[in-house]
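Structure first, then comments.
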Amino acid sequence: MSEENIPSRSNFITEIIDQHLENGRFTNVHTRFPPEPNGYLHIGHAKSICLNFGIARDYGGLTNLRFDDTNPITEEVEYVESIQDDIRWLGFDWEDRLYFASDYFAQMYDYALQLIKLGKAFVCDLNVDELRHYRGTLTEPGKNSPYRERSIEENLDLFQRMKAGEFQEGSHTLRAKIDMASPNLNLRDPVLYRILHAHHHRTGDEWCIYPMYDYAHALSDSIEGITHSICTLEFEDHRPLYDWCLQTLGIFHSQQIEFARLNLTHTVMSKRKLLQLVREGHVSSWNDPRMPTLSGMRRRGYTPEAIRTFADIIGVAKAHSNVDMELLEHVLRDDLNARARRVMVVVEPLKVIIGNYPSDKEETFDVPYFPSSRALDDSPTRQVPFSREIFIERSDFMEEPPSKFYRLAPGREVRLMNAYYITCTDVVKDANGEVVELHCTYDPESRGGMSPDERKVRGTLHWVSARHAINAELRLYDTLFTLPNPFDVPDDGDFMDNINPNSLQVVTDAKLEPVLAEAVVGEFFQFMRQGYFCLDSVDSQAGAPVFNRSISLVDTWAKMQQNR
RNA sequence: UGGGGCAUGGUGCAAUGGCAGCACAGCGGACUUUGAAUCCGUUGAUCCAGGUUCGAAUCCUGGUGCCCCGGCCA
């Protein structure tokens, strides 16, 4: 193994692989990501994608993308498209190894014939209810099917007629002949094939019998030469059946390894529950920026790099985990901090009139997009216009400031970022006593944000020239659920009771500096002192921009207020 | 004793018989033309009870708790 092939991070899976490589069970590593095309990919799938592609990369091996399309009733082409888009966006490449379990239907059928000839499978005429009855319970053994001892010839004939479409759905199944008394229910003569007179998105009406997951997955892995078939914990009980299929047939034997799926606080991760959120209108769609789907996160402003870093950091184990959303948010902030251009946007505007600034005067400041690299003088810049009337953030002014508040207040002086120092001289209120306007004076000597006398000015505010401001809609997001664990409900409760009614806050009259008119989908911005934002790829229009808040900045001041 | 699996700070992951460590969160401070970032410091953990051992998170025995399995879904 060359230097760069040493796994970046070891875990119990890489330990197993190392053993296999040492003892010669395998000489290469070949993984696969096997989504069922019945929904959109979410952050939990991203963990699996990063794991499978990452391990193959670390060991100099390959990863296949294989759609597990064995249930035509729930699967659609729309999903196979979106899944590929999402994986590519995440940054992984399956090259020419795009496969479908349905590619192997003919081969799987032949293997089924072999199983019958081996006396290891039989056609069963029991219906669903009868089968359930025969299966027994968790603590009691099942009973053999009355059709279990059919002759090989009869089974062959029946199975071929199943394939030929002679029978109704539910009337017959092909079952493995294993052990109805097994304590593992998966081994109680499990169904291998069922009849489904359904149109398949790839094979059309060619087939009316479809293989079950356990059979199809094991054979697909074997056919593709997958060495390590990584799946989630709930399939642990299925491994003996997986092994049985490959052993009985005597074909290439992949090793199934199970790990704990990802859970995140303040959200839900199952396709069914995500679908419920969409159907009941709690979110706009699968790619609503509040959704933990990859398409939603992309629209929200998550970067592939942040998600990959996250997958790397959380690690992989067999213990059930519930990762803190704050960790996800941390990696996003970290990534965006390094790449987002800084601009000024006033979310909740309060007008400021600078009395001693001539009303017909205008000037522009050349402001760096990356102020922290100012010293290096290597940051690109943009022109920011300034004039007599500006907007500042309403929360940056308090008439009666508490201690430690060092923003604007009557008589106080603050710095307008990159512009001038201003001092508040007058507060204008409406009939309700609400502040509607501030009158200030500026110090012409402080142009650029620093005064010759180097006097200390504690507060530095962002601002936008009123005359030049462009309006925009801002969408501020919070978690979908109020509790870390949405399922933490009283006995008669439902996780939907914990939905966050304020997960979306829409601001319709935000004031942006003019350059933002040229913003393009896919660009990342830091609205200074607010958070990271990106143009919404769905609802934003020329002249009517809509920005999503990807994630707010850490707000120490707000935290101080909270703790009081 | 149906079967399978898992227990390490608040959360996630390490330590593979030899000083329990990392990240996030928390707390305190420095710096600051972003109350951001950065920097420095810091609180906090081996499910329980026995046993083996010079030495146990790790090995053994017995408990306890939690998760998964009775689809012709995956």
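Order of the sequence lines sets the chain letters (A, B, ...), proteins ahead of strands, with each chain counted from 1. Because only heavy atoms are used, hydrogens play no part in the values below, and waters and symmetry mates are left out as well, while side chains stay in.
Legend: residues meeting salt bridge (charged side-chain N to carboxylate O under 4.0 Å, His left out) with Arg529(A), ordered by chain and number and at least two apart, are Asp396(A). For the side chain to side chain contact (heavy atoms under 4.5 Å, CB included) test, residues two or more places apart in sequence or in another chain that qualify with Phe487(A) are Val268(A), Lys273(A), Asn485(A), Phe495(A). Residues that satisfy the side chain to side chain contact (heavy atoms under 4.5 Å, CB included) test with Leu187(A), not counting sequence neighbours, are Ile178(A), Ser182(A), Asn184(A), Pro240(A), Leu241(A). Listed by chain and number, the residues in a side chain to side chain contact (heavy atoms under 4.5 Å, CB included) with Ala311(A) are Cys50(A) (sequence neighbours excluded). With sequence neighbours left out, the side chain to side chain contact (heavy atoms under 4.5 Å, CB included) criterion links Ala317(A) to no other residue. For Asp221(A), the side chain to side chain donor-acceptor pair (under 3.5 Å) partners are Arg66(A), Ser229(A), Tyr242(A), not counting sequence neighbours.
For RNA chain B, the residues of residues 190-199 of chain A within the heavy-atom distance limit of 4.0 Å (strictly under) are Val191(A), Arg194(A), sorted by number. The stretch residues 450-464 of chain A comes close to RNA chain B through Met450(A), Arg458(A), Thr460(A), each having a heavy atom under 4.0 Å from the strand.
Not a single donor-acceptor pair under 3.5 Å links the side chain of His217(A) to the backbone N or O of Asp214(A).
Applying the salt bridge (Lys or Arg N to Asp or Glu O under 4.0 Å) test to every pair with at least one member in residues 181-199 of chain A, sequence neighbours left out, gives these pairs: Arg148(A)-Asp189(A).
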May I have the step-by-step check of side chain to side chain donor-acceptor pair (under 3.5 Å) for Tyr369(A) and Arg342(A), ending in yes or no?
CA-CA 5 Å; Tyr369(A) 275 121; Arg342(A) 270 62 171 174; over 6 Å; no
Residues Tyr215(A), Met108(A); criterion side-chain contact (heavy atoms from CB on, under 4.5 Å); working and verdict:
CA-CA 9 Å; Tyr215(A) 179 75; Met108(A) 291 182 196; 3.9 Å; yes
Working for side chain to side chain donor-acceptor pair (under 3.5 Å), residues Tyr104(A) and Glu224(A)
CA-CA 10 Å; Tyr104(A) 314 130; Glu224(A) 293 178 15; 2.5 Å; yes
Any chance you could lay out the salt bridge (Lys or Arg N to Asp or Glu O under 4.0 Å) test for Glu393(A) and Arg407(A), step after step, and finish with the verdict?
CA-CA 10 Å; Glu393(A) 209 66 61; Arg407(A) 276 111 96 143; over 6 Å; no
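Across the protein-nucleic acid pair, Leu327(A) atom CG and A23(B) atom C1' stand 7 Å apart, rounded to whole Å. Atoms CG (Asn263(A)) and P (G12(B)) sit 10 Å apart, rounded to a whole Å. In this entry the distance linking CD of Gln256(A) with C1' of G4(B) reads 12 Å, nearest Å. Rounded to whole angstrom, the span from the CG atom of Asn322(A) across to the P atom of G12(B) amounts to 7 Å. Separating the CD1 atom of Ile13(A) from the C1' atom of G5(B) is a distance of 15 Å, rounded to the nearest angstrom. Taking atom CZ on Phe527(A) and atom P on A37(B), their separation rounds to 19 Å, with Å as the unit. Taking atom CZ of residue Arg549(A) and atom P of nucleotide A36(B), one finds them 16 Å apart after rounding to whole Å. Atom P of nucleotide G4(B) and atom OH of Tyr242(A) are separated by 21 Å, given to the nearest angstrom.
In terms of heavy-atom proximity, Lys271(A) sits nearest to Asn38(A) at NZ-OD1, 2.5 Å.
The separation of G55(B) from C19(B), taken at their C1' atoms, amounts to 12 Å, rounded to a whole angstrom. A gap of 10 Å separates the P atoms of C48(B) and G9(B), to the nearest Å. Between C60(B) and G21(B), the distance separating the two P atoms is 25 Å to the nearest Å. Rounded to the nearest Å, the gap between the P atom of U46(B) and that of C69(B) is 32 Å. Across G70(B) and A57(B), the matching C1' atoms stand 37 Å from one another, rounded to whole Å. For C54(B) and C59(B), the C1' atoms lie 16 Å apart once the distance is rounded to whole Å. Nucleotides G71(B) and G17(B) place their C1' atoms 47 Å apart, quoted to the nearest Å. For the C1' atom pair drawn from A25(B) and U42(B), the interatomic distance equals 14 Å after rounding to whole Å.
Using a 30° and 60° split on the angle between ring planes, Phe386(A) and Phe365(A) fall in the perpendicular class, above 60°. Ring geometry, Tyr420(A) versus Tyr442(A): the interplanar angle exceeds 60°, so the pair is classed perpendicular (tilted spans 30 to 60°). The aromatic rings of Phe525(A) and Phe527(A) sit tilted, their planes meeting at an angle between 30° and 60°.
Regarding contacts with the backbone of G35(B), a side-chain N or O of Arg529(A) is found under 4.0 angstrom from either OP1 or OP2. Listed pair Asn337(A) / U34(B) fails the phosphate criterion, with no side-chain N or O lying under 4.0 Å from OP1 or OP2. Between Thr70(A) and the phosphate of A74(B), there is a side-chain N or O to OP1/OP2 separation shorter than 4.0 Å. Distances shorter than 4.0 Å separate some side-chain N or O of Thr556(A) from OP1 or OP2 on A36(B).
For an aromatic pair to be called close, the ring centres must be under 6.0 Å apart, and Phe159(A) with Tyr193(A) satisfies this.
Heavy-atom contacts from other residues, nucleotides or ligands closer than 6.0 Å to NZ of Lys120(A) number 12 or fewer.
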Measure all distances between protein nitrogen or oxygen atoms and nitrogen or oxygen atoms of nucleotides 7-10 of chain B, and list the pairs falling under 3.5 Å.
none

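Among the protein residues, Lys404(A) comes within range of the nucleic acid bases, having at least one heavy atom under 4.0 Å from a base atom. The residue Asp214(A) sits apart from the nucleic acid: no heavy atom pair falls under 4.0 Å. Heavy atoms of Val316(A) sit under 4.0 angstrom from primed sugar atoms or phosphate atoms, though from no base atom.
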B/S/- along nucleotides 64-71 of chain B (protein heavy atoms under 4.0 Å) is ---SBBBS
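Between the side chain of Gln530(A) and the base of U34(B), no donor-acceptor pair of N or O atoms lies under 3.5 Å.
Mapping Ala419(A) and Asn563(A) onto RNA chain B by nearest heavy atom places Asn563(A) closer to the 5' end of the strand. Taking for each of Arg415(A) and Val554(A) the nucleotide of RNA chain B with the nearest heavy atom, the 5'-most of the two is the partner of Arg415(A).
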Taking Watson-Crick and G-U wobble pairs with both distances under 3.5 Å, convert RNA chain B into its dot-bracket string, 5' to 3', dots for unpaired and | for cross-strand pairs.
.((((((..((((....[..)))).(((((.......)))))....(((((..]....))))))))))).....
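Taking the O4'-C1'-N9-C4 or O4'-C1'-N1-C2 dihedral as appropriate, G71(B) has a value within 90° of 0 and is therefore syn.
Leu192(A) is not listed as a side-chain neighbour of Met212(A), based on a closest heavy-atom distance of 4.5 Å or more.
In this structure, Tyr213(A) does not pack face-to-face on the six-membered ring of A74(B), missing the 5.5 Å centre cutoff or the 30° plane limit.
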